[in-house]
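These notes are about the structure you will find just below.
Residue numbers start at 1 and run along the sequence shown. On a predicted model such as this, the values are computed, not experimentally measured, just so you know. Every number for a ligand or one of its atoms is a count from 1 in the order of the listing.
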Amino acid sequence: MDDVATMDDVATATPKQEASRETDTAPLFQPYRLGPFNLPHRVVMAPLTRSRARPPGNVPDALAACYYAQRASAALIVGEATQVSMQGQGYAWTPGIHSREQVGAWRRITDAVHQAGGLMFCQLWHVGRISHPALQPDNMLPVAPSAVIPAGKAFIENDRGEGTLVPFVRPRALDIEEMPYVVAQYVRAARNAVAADFDGVEIHAANGYLLDQFIESGTNRRNDAYGGAVESRTRLLFEVIEALTPVWGPDRIGVRISPMGKLNDIHDDNPQATFGYVAERLSEYQLGYLHMVNPALEQMQNGKEPDPHALDMAKLVRNRFRGTLVVAGGFDAESGARWLREGWADLIAYGRKFLANPDLPDRLRLGAALNEDDPSTYYGGGEKGYTDYPSMAQDRGEQPKACVDQSWR
Ligand SMILES: Cc1cc2nc3c(=O)[nH]c(=O)nc-3n(C[C@H](O)[C@H](O)[C@H](O)COP(=O)(O)O)c2cc1C
């Protein structure tokens, strides 16, 4: 923890330095009206899988309530990807929102966030082919738009209860008759999210998971109503949105996409045409927001200027989508504020920085140094690397607040 600022460091900044930092980052701290919510600033917490749900049953526990409540100063918390069904699970120990026990646990988590003054959406997730029979009901094959095997490995639990990587298998292509049942999985999860007292839902259509596998041409080889032209490849996404609208109302629904993303062996032959169309059509739904993973993520996280093609992609989505645009990926305070100032985004989501800094908005506002994130504790485990990243108050010597409710660990 060698780069943690103390309040003394902040106090020794000259008035001129402080003034210029404030003007540089001021756009991040302007309030924003998001559907029914008045956000005090523009710093959103991006969805972050932490793989700490309790087996059997993949139920999040009291530690998750503590972790999210610590981060309640986010303008909005987008919770970790949460499987809509057993079929939708792709990694060991990720939480679901399809069982009664899970809903009860989520309710305690949203309660802790609300008590701390925060807002929280549930990210609804079906992984499609990014799974393994070991994670599927009755060890069945994972499902996908087409039987195209992904490159890479699945993360499962072995016989000793440890996490391990195994090669992906060839998924089974969904029959057209099954499509309503896929939509029904999202509807049940969305209803459960109401029961769990979330403030809204984000449909995960990014990062090479099921909805993205339908959208992008590299994984969709179908020649029925769900494949071929972009209008057909995006059909499942729009069916899900239309099915969820009566449950949540459009302004409490967000959609996440990742144009030009490469995660999970995904690609599209013409991302401009595909995502230009998606952004245009999404505008018809008066959604709460569209959440885009920054196409220039790779360069920006390495401190480089965005690649012009990637920036063009981001601007295309911005121009085609008439509504609130959240962008995530590779931002610090300055670049986030710049994107807001340029009008390339309305809200900025931070992933790894929020993971490691529970009080990120205050740190960005003050220009305080940030805790470094530790990738070895991203997934699985307990408190270490989860609830023990210090706040600035702790850096000043205050005791951490006890936030784990032992009655339901
Ligand atoms: C540990 C970890 C877990 C993640 N889990 C999710 C997830 O559950 N859902 C999702 O859409 N993106 C997920 N992402 C991607 C982040 O939301 C975000 O887009 C990415 O980290 C880039 O933003 P950053 O540069 O601010 O970290 C994850 C990223 C990390 C590092």
- Query: Could Asp212 and Arg256 be called an ion pair, given the rule that one side-chain N must be under 4.0 Å from one carboxylate O?
  - Reply: no
- Where do Lys304 and Glu298 land on the salt bridge (Lys or Arg N to Asp or Glu O under 4.0 Å) test, with the steps shown first? CA-CA 9 Å; Lys304 299 197 184 121; Glu298 255 177 59; over 6 Å; no
- Query: Taking atom types as modelled and ignoring hydrogens, do the side chains of Gln83 and Thr94 form a donor-acceptor contact shorter than 3.5 angstrom?
  - Reply: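 On atom types as modelled, these side chains qualify, holding a pair under 3.5 Å.
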- Message: Can you list every protein residue that has a heavy atom under 4.0 Å from any atom of ligand 1, sorted by chain and residue number?
- Response: Ala46, Pro47, Leu48, Thr49, Ala81, Gln123, His204, Asn207, Arg256, Leu297, Gly329, Gly330, Tyr350, Gly351, Arg352, Tyr378, Tyr379
- Task: Could you walk me through whether Gln213 and Thr219 pass the side chain to side chain donor-acceptor pair (under 3.5 Å) test, one step at a time?
- Result: CA-CA 5 Å; Gln213 289 158 30; Thr219 35; over 6 Å; no
- What closest approach, in Å, do Val143 and Pro171 show between heavy atoms, and which atom pair accounts for it? C-CB, 4.3 Å
- Should the ring pair Trp106 and Phe198 be called parallel, tilted or perpendicular, given that the plane angle runs from 0 to 90° and is split at 30 and 60?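 The arrangement is tilted - the two ring planes meet at 30° to 60°.
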